Novice: 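Structure incoming, see below.
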Amino acid sequence: MAGMSDVDLQAMSQEERAKTLGMTTEQLTGRSLFVEFDADAEERFTYPWAADVDYNKRFELDTDELSSTQVNAKMRALMEEGYGTIVIKNPRGKHGLGVGILSRLNLIYEGSLGYFAVGLIDGPNVRINGRVGWSCAENMMAGTVIIEKNAGSTFGAAIRGGDLVCRGSVGSRTGIDMKGGTIIVGGDTGALSGFMMQRGRMIVCGNAGKNLGDSMYDGNIFIGGEIKSLGVDAVTAELTDIDKSWLRRKLSLYEMLPEKGVDHFTKVVAGKQLWNYDNLEPSEKKIIL
Amino acid sequence: MCGIAGLIHRGGRSNVGMEMTSMLQALKHRGPDSTGFAVYGPPNPGDYVMRIKVAERDDVDRGHGILDRIAGRITELESRLEHSNARIKTKETVTPYALRYVINHEGETEAMAKYVEEIEGVEILSLGNGLELIKDLGDAGEVANTYNLDEFDGTHAIGHTRMATESDVDIRSAHPYWAFPYNDVSVVHNGQITNYWIMRRQMEQKGHRFMSNCDSELLAVYTAHNLTNGVTLEDSLRSSIDEIDGVFTYLVATRDQLGMAKDTMAAKPLVLYESDSLIAMASEEVAIRAILPEEIDTYDPYDEEVRVWQA
């Protein structure tokens, strides 16, 4: 985007801005998907409209009497004022808190959240000192999310990047349709975890429910406990030294490395024997791989 | 979508009417069409509480001459109770279409219930020593206010906020369902049952009655059928996971128990809190937080999970 200033970008509509930044270059033509990149584009690691926050500037927000919409609006206002560390008190299971944060931020929740917590985020570091409901961090792009207690179903659905960590157990369909990033679960996960997984890695220190990795295209799942059953086209694979090294490093990072190490983990990958796997058009195969 | 909730106090009593109202009000966004409560007070052997509906609310709002017909139905109802050797101890007209009777009756109540329900427009919502089943259009606050639920002292309760999908917005399609004719058993459900018609025909062939076309009623009838045949609540919940197709999470309450079952796909939500004195569960955590504001540990039950708790 040579010659394009932040002022110019901010003056654009959201659609124009997305296209100019190369975020929306996908065009569907028939059954094929083309992705075009602008070779002249400057590297850009933050969104031009992202607030410039200071991690040392801290605000505690009591949300007991506020709706989800009010909480999210207040958080955005605080970020505009430069607050880089926001502590949310008394969230009381409210839904949709902290969604769509596209800039760096230290966000701490003192309590449990409801559905769709911190979904669609790109960059913040989030700690939830409680539990989360269904679909936590759905479509997360980057950042870290750490949940200190349990999480509900569809944990990390369709995430594309970042680290999503739950120290407790999670519900069913964890990492469904995940396209990147890492999901780490300290306890157990429910049925159909990794369903239609396309990329990324999932680590579950405890047990996994039935149909693990059902119809997964790619990616790796590591299970520390028992697997009730594998899903369609999911197969076990050799746990390599590189896998072990990565597991040790990743689990240590969040102080979740089991006392007995990682040698006992089972690795699950796609068998790639689905009837249509090799029948895809070359362009589709490229996208999937 | 629908929202379900349940709570049971272990070895104690509380204002379960107010607690369930708070939980269901927090779930209002999951279903604004109707709200229902099944609350369990201390059992009163020999005396039965009968909650009864003598018309739909819409009938009262729009029906020509409906009040005269309702008066006729009530007269006939009380006559039939008398012929069934039931003595009316108290009578409360809560709304023009909903009444609460306390009756004294010896022996089986099934014949009496069937005799009463033969009256056109009359449906027994619940009959039991401890159970009182209240359901109406509107949110939890409105229904609780209309039926004076704020001071209901009891051991356990289940409740439901309904988003009508495959059947009408009326009281007959609202939850909970009483497991007719099994006294003191009620059911709430979130989900869709896909073999409803097959199962319904099987149950009808066995002599069970259905009052609505709502698939959730099947769970009440199914539970009643099993309990009548000596199956325990826990075994009934377990067998339902194999025999009933679809996606569902449902709660069953009996005189002194509360049970839950989740289908094989775990596709419908339930969040559970368990302590030594209280078990609370709901479609969403926000409902549990409505009665337990302090920080607590909760979890999602897994697929095919069945639990039963004793009051």
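It should be emphasised that the depicted structure is a prediction, and the values quoted were computed from it without experimental measurement. Reminder, nothing fancy here: chain letters follow the sequence lines and each chain counts from 1.
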Novice: Checking heavy atoms, do the side chain of B/Tyr302, its backbone, both or neither come under 4.5 Å from chain A?
Specialist: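 Side chain only.
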Novice: Is atom CG of A/Leu253 surrounded by more than 12 heavy atoms (other residues, nucleotides or ligands) closer than 6.0 Å?
Specialist: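 Yes, the 6.0 Å shell around CG holds more than 12 heavy atoms from other groups.
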Novice: So for atom NZ, which belongs to A/Lys179, do other residues, nucleotides or ligands contribute more than 12 heavy atoms lying within a distance under 6.0 Å?
Specialist: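 Counting other residues, nucleotides and ligands, NZ of A/Lys179 exceeds 12 neighbours.
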Novice: So B/Val286 and A/His95, do their side chains get closer than 4.5 Å, heavy atoms only?
Specialist: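 Side-chain contact under 4.5 Å: yes.
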Novice: Pick one of side chain, backbone, both or neither for A/Asp188, based on which atoms fall under 4.5 Å of a heavy atom in chain B.
Specialist: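 Both backbone and side chain.
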Novice: Counting only N and O atoms by type, is there a donor-acceptor contact under 3.5 Å from the side chain of A/Asn150 to the main-chain atoms of B/Thr298?
Specialist: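 Between the backbone of B/Thr298 and the side chain of A/Asn150 there is a qualifying donor-acceptor contact (under 3.5 Å).
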Novice: Quick check: does any side chain N or O of A/Arg173 sit under 3.5 Å from a backbone N or O of B/Met265, one acting as donor and the other as acceptor?
Specialist: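 A pair under 3.5 Å: yes.
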Novice: Given 3.5 Å as the limit, does a donor-acceptor pair link the side chain of A/Arg92 with the main chain of B/Glu294, or not?
Specialist: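 Absent.
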Novice: Quick one: what part of B/Ile296 sits under 4.5 Å from any heavy atom of chain A, side chain, backbone, both or neither?
Specialist: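 Backbone only.
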Novice: Hey, are A/Lys149 and B/Glu295 close enough for a salt bridge, meaning a charged N less than 4.0 Å from a carboxylate O?
Specialist: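 Yes, charged N to carboxylate O under 4.0 Å.
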Novice: Could you tell me the separation between the NZ atom of B/Lys262 and the OG atom of A/Ser172, rounded to the nearest 0.5 Å?
Specialist: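 B/Lys262 atom NZ to A/Ser172 atom OG measures 6.0 Å (nearest 0.5 Å).
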Novice: Heavy-atom pairs under 4.5 Å with chain B: which of A/Val170, A/Asn129, A/Asn90 has the most?
Specialist: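 With the most close heavy-atom pairs to chain B, the winner is A/Val170.
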Novice: Between B/Glu304 and A/Lys210, does at least one N-O distance fall below 4.0 Å, as a salt bridge requires?
Specialist: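 Salt bridge: yes.
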Novice: About how many Å separate CH2 of A/Trp134 and OG of B/Ser283, when rounded to the nearest 0.5 Å?
Specialist: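 With rounding to 0.5 Å, OG (B/Ser283) is 9.5 Å from CH2 (A/Trp134).
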Novice: Please classify the contact between A/Val132 and chain B as side chain, backbone, both or neither, with a heavy-atom cut-off of under 4.5 Å.
Specialist: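 Neither part; nothing is under 4.5 Å.
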Novice: When only pairs under 4.5 Å are counted, which of A/Pro91, A/Ser112, A/Gly130 shares the most heavy-atom pairs with chain B?
Specialist: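 Greatest number of close heavy-atom pairs with chain B: A/Ser112.
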